[in-house]
Structure formats: C-alpha cells, structure tokens
Amino acid sequence: MEKVKLFGTWSSPFVKRIVWALNLKNIEHEVIYEDLANKSPELLKYNPIHKKVPVLVHNEISICESLVILQYIDETWKNTCPLLPKDPLDRAKERFWARFGDEEVLPSFFGYVMKKGKDQEEAKETTLAHLKRIEQLLSEKKFLSGESFGFLDIAFGWLAEYSHPLEVVAGLKLLDEDSFPNLCAWKDRFLEIPAIKESWPDQETLIAKFQESKDGSGK
Amino acid sequence: MGNKSEIKLLGTAASPFANRVQFALNLKSMKYEYIEENLACKSELLIKSNPVHKKVPVLLHADKPPICESQIIVEYLDEIRPDLYQLLPSVSLDRANCRFWAAYIDNKFFPLYEELRQTLNKAGQEAIKEQMIEATQQLEEAFIKSSNGKTYFGGDQVGYLDVILGCFIRWTQHVDELNDFNKFDEVRILELAKWAKCIASHEALKSVTPGKETLESFFGLINIYRPPYK
C-alpha cells in the first residue's frame with residue numbers, strides 16, 4: 001500500500017495544484033495542514049532546505065517544489081490521467097510556460113493585488129502584459145494544454161480559482177471579458193472539471209485571508 | 001544526429017547557460033551550429049526566437065518552434081535522444097531530485113553571484129558571501145548523496161546535475177578571484193571542490209568554457225547595462 005502525504009496550507013495556490021493532480025489521478029492521500037507561523041518538526045524534516053509547502057511524502061521520501069512534485073506524480077502514476085503531453089517539443093513548451101507563470105505571472109498578479117497606490121499602478125502594466133501573453137496562448141485552444149486539460153492548465157489553475165478573490169481585494173477587475181475573452185472562457189471550463197470543482201475553496205474565506213495579508217503588509 | 005544545421009544554438013561565449021547546453025550537446029555527440037549573439041545588440045533572430053525573455057540560449061531544431069531556457073533545452077535534448085548519453089536518470093524519484101537541485105542551483109545559488117556583483121557596500125557583500133558558503137554546503141551534501149561515492153552527481157558518468165552546476169564553475173571562479181574569495185574551498189567542502197576540478201576539465205565542457213578575456217569583456221558589458229547599485 002503506497003503511503004502518500006501532502007504537507008500544505010488550505011489557501012496556497014502551489015499546494016492546490018498538487019491536490020488537483022492527486023485527485024485527478026485518484027491517488028489516495030492524506031493532507032497535513034501546516035501553520036506557517038509555527039511549522040511542524042515533520043515539515044522541517046521533509047523540507048530542510050526551503051522549509052516551505054507543498055511537500056509530497058511518498059513512502060517516507062519527500063519531494064519538494066510544486067512543479068517538481070507535479071512531474072513526479074505524472075511520471076510515477078503514469079497510467080491515469082497523464083498530465084504532460086508525450087511529444088518532447090510540447091513538453092518543453094509546457095515547461096517553459098509553467099515556469100513563466102510561476103516566475104513572472106503569479107508574483108506580478110499577487111504583487112499587484114497586495115500593493116497600494118502608486119506601486120499598484122506600476123505593477124498593473126506588467127501584470128496586464130503577462131496576462132495578454134497567456135490570452136494569446138489560448139487562441140484557438142480549449143485548454144492551455146490543447147484539446148483537453150493538462151500540466152499547463154494545472155500550473156495556471158491558480159488564475160482560475162484565485163482571480164475573483166484577488167480582484168475583490170484589489171478593488172479592480174483584472175480578468176474582464178472584453179480584454180481577455182479566451183482566459184475567461186478557459187477559466188470557466190477549468191473550474192467545471194470535476195476534480196477541480198470538488199475542491200474549490202470557499203471564496204469568502206479566501207477574500208478574508210488575502211485582505212488580511214494586504215492589510216498586514218503595510219505597503 | 002546527422003545534419004549539423006538541423007540544430008542551431010543561439011548563445012554567447014561567456015554565458016554559463018549557453019555553455020550548459022553546449023556541454024549537453026557535446027556529451028551527446030550531437031552536431032550543432034553555434035551562433036554567437038552580441039547581447040549589446042541582439043539579432044532579429046534572437047528577438048524573434050525568444051520574444052518573452054530575449055535571452056540566450058535558444059535552441060532551434062529543424063523547422064520546429066524555438067526552445068528557450070537552458071534547463072528545458074537540456075531536458076528536451078535528453079528526451080529526443082535518450083539513447084545518446086542519457087543525462088536524466090530513469091527512476092522518477094531520482095529525476096525529481098535532479099529537478100529540485102537544478103531549481104536550487106538556478107534560483108538560489110547562482111543569483112547570489114549577480115547580487116554580489118550589484119552590491120558595493122562591504123557589509124552587504126559579506127552577507128552574500130555567507131549565503132554562498134551556506135549554499136555550497138547544501139550542494140556538498142547533495143553531491144555526497146547523489147554521487148554515492150563516485151566521481152559525479154550522476155555516478156560514474158556525468159549526469160544532469162553535473163551539467164546544470166558544472167557550467168557555472170568558470171564563472172564563479174572568475175567572480176571569486178575578483179572578490180578574493182574561494183567558494184569551492186577544499187577544507188570546507190572537500191567532495192564538491194574535487195568534483196569542481198574534475199568537471200571543469202571534462203572535455204565536453206572544457207572545449208566551450210570561456211577564457212579570462214572573454215569573461216572580463218562580458219563582465220565589463222554587464223557592468224554598463226546593469227551597474228552595481230547596492
């Protein structure tokens with residue numbers, strides 16, 4: 001019997017993508033919720049380098065970094081719901097955009113929401129430019145991975161699930177249907193996927209959490 | 001791989017990321033055409049091939065869309081020709097370990113060098129050097145675990161992590177000399193220091209490692225375009 005544990009928090013977009021992958025592949029697992037202000041000895045043992053979530057522990061061996069974990073899950077449980085495409089070029093493309101998402105899009109989006117005044121204005125341009133690139137990726141495609149959803153949709157899933165609560169906290173709609181018709185359509189499709197839908201976090205609680213982060217940041 | 005021009009690599013002699021891809025291509029005995037880019041005056045081909053980042057390296061394979069980001073290029077090469085000197089291990093756990101440390105090397109370890117270059121105040125520099133020492137300590141432990149008593153991260157032969165970290169040796173040596181600092185110190189990190197000497201002299205890497213003049217000239221360029229400010 002394979003033992004799979006996931007250390008995470010209920011609100012982290014990086015943890016969420018692992019939950020989706022595990023659910024999509026029907027992998028039985030236990031989720032251990034961490035209080036990041038008071039990290040458990042187990043988390044520190046399994047991720048001594050970064051001390052962050054998510055951490056996947058499979059038969060007592062830990063794997064860290066969400067995109068690394070996603071690929072590990074895909075390669076280990078390869079017979080159900082494959083996430084990455086087979087073709088090496090398509091795989092390279094998805095890895096490129098997933099990395100772009102994590103290194104550029106997500107930080108600028110969250111940064112834009114959390115900032116205030118002039119800082120927010122400056123971050124807005126960058127975020128919109130990034131979103132335009134993703135919008136272009138979706139032209140003539142149902143999902144970022146193509147006809148059906150895959151690794152890249154999971155990697156950008158935070159945009160589908162978190163954009164509304166983030167917009168409420170920012171006080172501004174970012175993903176409007178006129179500017180981003182493809183992204184909005186993709187968002188609806190993504191959220192309808194059963195394994196995604198069943199783990200949708202409560203929006204009000206997310207809004208409260210992000211508001212708290214913004215108020216506490218003092219920026 | 002038959003036709004040389006089927007693979008083209010856009011790079012810069014001084015770029016460790018470009019060196020990394022060349023290292024992989026050489027290990028795999030894959031022929032390629034190398035196109036040197038002048039980063040002060042980027043070619044149309046580079047900008048068209050990598051519109052998002054406008055950086056080297058970029059791999060152009062036959063008439064396929066360009067592939068960017070050195071780690072991604074190396075994995076791509078390994079996937080199209082796993083029969084030629086396989087770099088990533090077959091076991092998914094070992095692959096995850098490789099990817100984890102590759103991310104650490106590129107996102108935690110190497111950026112410290114850019115930070116050091118941009119920091120002029122002594123206290124700031126010392127703080128960064130402390131972080132570098134800690135990072136090499138982590139890499140030493142990773143090496144010991146990964147190599148299992150053998151010469152390379154990959155064991156008896158050069159593997160993915162050897163390629164990922166190996167390309168930085170010359171660059172970091174250059175910065176160490178400028179800062180009177182020895183990061184791969186044999187006393188502190190014996191195994192990694194031994195490995196560093198070994199990998200730097202590997203034919204597949206040595207042949208593409210930039211010389212002192214090339215590095216000096218490149219650093220001069222970076223200091224103009226991204227001058228130190230801290």
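Just so we're on the same page: letters track the sequence lines, and every chain starts at 1. Since the model is a prediction, treat every value here as computed from it, not as a measurement.
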Practice task
For K209(A), look at atom NZ and say whether over 12 heavy atoms of other residues, nucleotides or ligands are found less than 6.0 Å away.
Solution key: no
Handout entry: Distance in Å, C68(B) SG paired with R95(A) CZ, rounded so as to fall on 0.5 Å steps
Key = 15.0 Å
Practice task
Please round to the nearest 0.5 Å and tell me the distance separating atom NE2 of H53(B) and atom CZ of F96(A).
Solution key: 3.5 Å
Problem - Other residues, nucleotides, ligands: >12 heavy atoms within 6.0 Å of K78(A) NZ - result: no
Exercise for the section: Might you confirm whether atom NZ of K48(B) has over 12 heavy atoms from other residues, nucleotides or ligands at distances under 6.0 Å? Expected result: no
Handout entry: Closest non-hydrogen atom pair between W101(B) and I49(A), with its separation
Key = CH2-CD1, 3.5 Å
Handout entry: Within-4.5 Å side-chain heavy-atom neighbours: N107(B) and E103(A)
Key = yes
Practice task
Fit a plane to each ring of Y104(B) and H50(A), take the angle between them on a 0 to 90° scale, and name the class: parallel (under 30°), tilted (30 to 60°) or perpendicular (over 60°).
Solution key: tilted
Handout entry: Heavy-atom proximity to chain A below 4.5 Å, by part of V91(B)
Key = neither
Practice task
Sort K93(A) into side chain, backbone, both or neither according to what part of it lies under 4.5 angstrom from a heavy atom of chain B.
Solution key: side chain
Handout entry: Enclosure of K108(B) NZ (heavy-atom neighbours >12, cutoff 6.0 Å)
Key = no
Practice task
Could you tell me whether K52(A) atom NZ has more than 12 heavy atoms of other residues or ligands within 6.0 Å of it?
Solution key: no
Handout entry: E75(A)/R99(B) ion pair, N-O < 4.0 Å
Key = yes
Problem - Exceeds 12 heavy-atom contacts within 6.0 angstrom, atom CD of E44(B) - result: no
Completion exercise
Of all heavy-atom pairs linking A92(A) and I72(B), the shortest is O-CG2, 3.6 Å
Exercise for the section: Start with the C-alpha distance between Q71(A) and R95(B), add both sets of side-chain angles, then the distance that settles side chain to side chain contact (heavy atoms under 4.5 Å, CB included), and finish with yes or no. Expected result: CA-CA 9 Å; Q71(A) 292 182 85; R95(B) 294 159 75 83; over 6 Å; no
Practice task
Return yes when atom NZ of K145(B) has more than 12 non-hydrogen atoms of other residues, nucleotides or ligands closer than 6.0 Å, and no otherwise.
Solution key: no
Exercise for the section: Identify which part of L77(B) has an atom lying under 4.5 Å from any heavy atom of chain A, answering side chain, backbone, both or neither. Expected result: neither
Handout entry: CD1 on I63(A) to CZ on F100(B), rounded to 0.5 Å
Key = 11.0 Å
Practice task
Please round to the nearest 0.5 Å and tell me the distance separating atom CG of N97(B) and atom OH of Y72(A).
Solution key: 11.5 Å
Fill in the blank from the handout: Applying a strict 4.5 Å limit to non-hydrogen atoms, the region of L89(A) in contact with chain B is both
Handout entry: CD/E114(B): more than 12 non-hydrogen atoms of other groups inside 6.0 Å
Key = yes
Practice task
Under 4.5 Å, counting heavy-atom pairs only, tell me which of H58(A), E65(A), E104(A), R91(A) racks up the most with chain B.
Solution key: R91(A)
